[in-house]
2 protein chains.
Amino acid sequence: MLSFVEENYLKAIYHLSEAGKRPVNTNALAEEMKTAPASVSDMIKRLSEKRMVDYQKYRGVNISEKGKIKALHVIRQHRIWKVFLVEKLNFQWDQLDEVAEQLEHIKSPLLFQRLDEFLGFPKFDPHGDPIPDENGQLIEKRKDPIAQLPVGTASIVVGVNGSSASFLKYLDKVGISIGTRLQIVDRMEFDGSVDITIDGKKTITISPTVAENILLSEA
Amino acid sequence: MLSFVEENYLKAIYHLSEAGKRPVNTNALAEEMKTAPASVSDMIKRLSEKRMVDYQKYRGVNISEKGKIKALHVIRQHRIWKVFLVEKLNFQWDQLDEVAEQLEHIKSPLLFQRLDEFLGFPKFDPHGDPIPDENGQLIEKRKDPIAQLPVGTASIVVGVNGSSASFLKYLDKVGISIGTRLQIVDRMEFDGSVDITIDGKKTITISPTVAENILLSEA
DNA sequence: ATTATTATTTCGATTAATCTAAATATTTTA
DNA sequence: TAAAATATTTAGATTAATCGAAATAATAAT
């Protein structure tokens, strides 16, 4: 059984290694964990003894298969709680992580099974990130431009194509950013302009070009 | 800020002292906490330095006002979670405590505010125990016999009058125990017999005597 | 290819929580 | 009330997690 702290290290290693693609170095991990490099060395040694990571002195650390499964477990629980906090308790985006980081470490398979069911087996969290299944399988987040989604779709902005300053400025002006919840309410046949409702509040019309460049997750 | 362990000690001291009425001795606390008496001595010293308890060597420990408020806070959170687990996630009675004992230590006033609201500001937990308010005020649980409650009442069994073996055997047979949820569906005028539904499943008729001796909480 | 810089690890200490065994205090009992 | 029994505390160790400072390895620069 891993401690809270060990679980947090694994999560950080998983993220910093981009799901295990590259080794993680001590200083980066120390910064992520807001701790001293000396502490990281100690902890890595411990995680290595538990076969959660592969480690060679001075060579950085790689997450093991076992460690990856554990990390994805914690990530699953983190994201399920986020769905709960937003959908049931009306939390704002910026209040989420502090609480979810505590809740993610609760040990009870039954709780997560039931919570998952209560929430209708969500596949994505409120930020559009995919929720790994019980076996640690991660469905890659599909990103679809608004232009290709049907009227009625309600989803989360997970990215944009391109990054011209003027486009980002426009998005900022109308109040769209990563994580914003949009609903597609209408599409004009003659030119492909789209009416969207932003965060359930105001409705605006966007041009076909804009609709091509805002990506929603299939939530 | 208190640690999980300190919070658990305070809760145990609160309970064993019957809400602060009598001092708690080291061995009792050690048994409750499933730990060695020596560990209890150490911890009490620490809690005493933090002014959470009043302590004189060999004289047992008394919870302080400050400690009582903290303990009631944890108890509040424990009971709110229990309501959630039963009402929203359909937990059974025996699965409750293990999970609630983890959840009760989450630090987030906002979470509990919202959760309380989400659950409709419950005043009692699924066992019929009262939920202290944010200030640690505890409404004493009122125990009313079925015979004195109106038809339509749905509540929790919190106790019984007397304890004759045959009565308890009868209760066991029909499936009633502390914590059972009952609904009063009808009352015969001519003799005061009562029809009750047990745990929302089966409906039985009980005699006026039985109705006089099963106590429900006013939930 | 040395030297300088940066990254990492080791060493020795600290704090919280725990334990066993030994010492000490309190209570009970004869 | 003195001895026996019980309860409690102290002393000394242990484990997890942490740190600063010193030592060592790896990398970059001249």
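Residue numbering restarts at 1 for every chain, and letters A, B, ... go by the order of the sequence lines.
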Novice: Regarding A:S41, tell me which of base, sugar-phosphate or nothing describes its non-hydrogen contacts under 4.0 Å with the strands shown.
Specialist: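 Base contact.
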
Novice: What nucleotide among D:dT24, C:dT18, D:dA7 has an atom nearest to a side-chain atom of B:V5?
Specialist: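 Of the candidates, C:dT18 comes closest.
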
Novice: Base, sugar-phosphate alone, or nothing: which one does B:Y55 contact when heavy atoms must sit under 4.0 Å apart?
Specialist: sugar-phosphate

Novice: Evaluate the side-chain contact (heavy atoms from CB on, under 4.5 Å) criterion for residues B:L89 and A:L110: first the C-alpha distance (whole Å), next the side-chain angles of each, then the deciding distance (0.1 Å), finally the verdict.
Specialist: CA-CA 10 Å; B:L89 304 191; A:L110 181 64; over 6 Å; no

Novice: Nearest-nucleotide wise, let me know which of A:R59 and A:S39 is further upstream toward the 5' end of DNA chain D.
Specialist: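 Between the two, 5'-proximity favours A:S39.
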
Novice: Find out whether B:L115 and B:W81 are in side-chain contact, i.e. whether some heavy atom of one side chain is under 4.5 Å from a heavy atom of the other.
Specialist: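 Heavy-atom side-chain distance check passes, below 4.5 Å.
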
Novice: Rounding to a whole Å, what distance do you find between B:M33:CE and C:dC19:C1'?
Specialist: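 To the nearest whole Å, that distance equals 15 Å.
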
Novice: In plain terms, say whether A:K68 and A:E65 are close enough for a salt bridge, that is, a side-chain N and a carboxylate O under 4.0 Å apart.
Specialist: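 So A:K68 pairs with A:E65 through a salt bridge.
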
Novice: From the options D:dA26, C:dA17, C:dT10, select the nucleotide whose nearest atom is closest to the side chain of B:S3.
Specialist: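 Of the options given, the side chain of B:S3 lies nearest C:dA17.
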
Novice: Is it true that a side-chain atom of B:R51 and a backbone atom of B:S64 form a donor plus acceptor pair closer than 3.5 Å?
Specialist: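 Checked: no pair found.
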
Novice: Are B:L29 and B:M43 side-chain neighbours, meaning at least one heavy-atom pair lies under 4.5 Å?
Specialist: no

Novice: Just how far, in rounded Å, is C1' of D:dA7 from CG of B:N27?
Specialist: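 These atoms are roughly 6 Å apart.
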
Novice: Does A:K57 place a side-chain N or O at less than 4.0 Å from the phosphate oxygens OP1/OP2 of D:dT24?
Specialist: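 For D:dT24, OP1/OP2 do not have a side-chain N/O of A:K57 under 4.0 Å.
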
Novice: Any residue in residues 98-107 of chain B with a heavy atom nearer than 4.0 angstrom to DNA chain D? Just list them by number, or reply none.
Specialist: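 Going residue by residue through residues 98-107 of chain B, none turns out to have a heavy atom under 4.0 Å of DNA chain D.
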
Novice: At under 4.0 Å between heavy atoms, what does A:Y9 touch on the DNA or RNA strands: base, sugar-phosphate, or nothing?
Specialist: sugar-phosphate

Novice: Nearest whole Å is fine: how far is C:dT8 P from A:Q56 CD?
Specialist: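 Taking CD of A:Q56 and P of C:dT8, I get 14 Å after rounding.
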
Novice: With sequence neighbours excluded, what pairs up with A:K50 under the salt bridge (Lys or Arg N to Asp or Glu O under 4.0 Å) test?
Specialist: A:E6

Novice: Can you tell me how far P of C:dA16 sits from CG of B:L2, to the nearest Å?
Specialist: 12 Å

Novice: Near DNA chain D, which residues from residues 42-53 of chain B have a heavy atom under 4.0 Å away?
Specialist: B:K45

Novice: Between B:T35 and C:dA17, does any side-chain N or O lie under 4.0 Å from OP1 or OP2?
Specialist: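 For C:dA17, OP1/OP2 do not have a side-chain N/O of B:T35 under 4.0 Å.
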
Novice: With a non-hydrogen cut-off below 4.0 angstrom, is A:A36 in contact with a base, only sugar-phosphate, or nothing?
Specialist: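 The answer is sugar-phosphate, as A:A36 gets under 4.0 Å only of primed atoms, P, OP1 or OP2.
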
Novice: Is there a side-chain contact (heavy atoms from CB on, under 4.5 Å) between B:F91 and A:L111? Walk through the geometry before answering.
Specialist: CA-CA 9 Å; B:F91 268 59; A:L111 173 64; 4.2 Å; yes

Novice: B:D116 versus B:P122: any side-chain heavy-atom pair under 4.5 Å?
Specialist: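 Heavy-atom side-chain distance check passes, below 4.5 Å.
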
Novice: Do the non-hydrogen side-chain atoms of B:L10 and B:V74 ever get within less than 4.5 Å of each other?
Specialist: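 Answer no - side chains too far apart.
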
Novice: CG of A:L29 versus P of C:dT9: gap in Å, rounded?
Specialist: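 My rounded result for the distance is 11 Å.
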
Novice: Atom OH of B:Y58 and atom P of C:dT24: how far apart are they, to the nearest Å?
Specialist: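 Interatomic distance, OH of B:Y58 to P of C:dT24: 9 Å.
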
Novice: Starting from C1' on D:dT15, measure out to CD on A:E6 and report it in whole angstrom.
Specialist: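 That distance rounds to 12 Å.
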
Novice: In sequence, state the C-alpha distance, the side-chain angles, and the governing distance for A:Y9 and A:V40, and then conclude on side-chain contact (heavy atoms from CB on, under 4.5 Å).
Specialist: CA-CA 9 Å; A:Y9 269 90; A:V40 172; 4.1 Å; yes

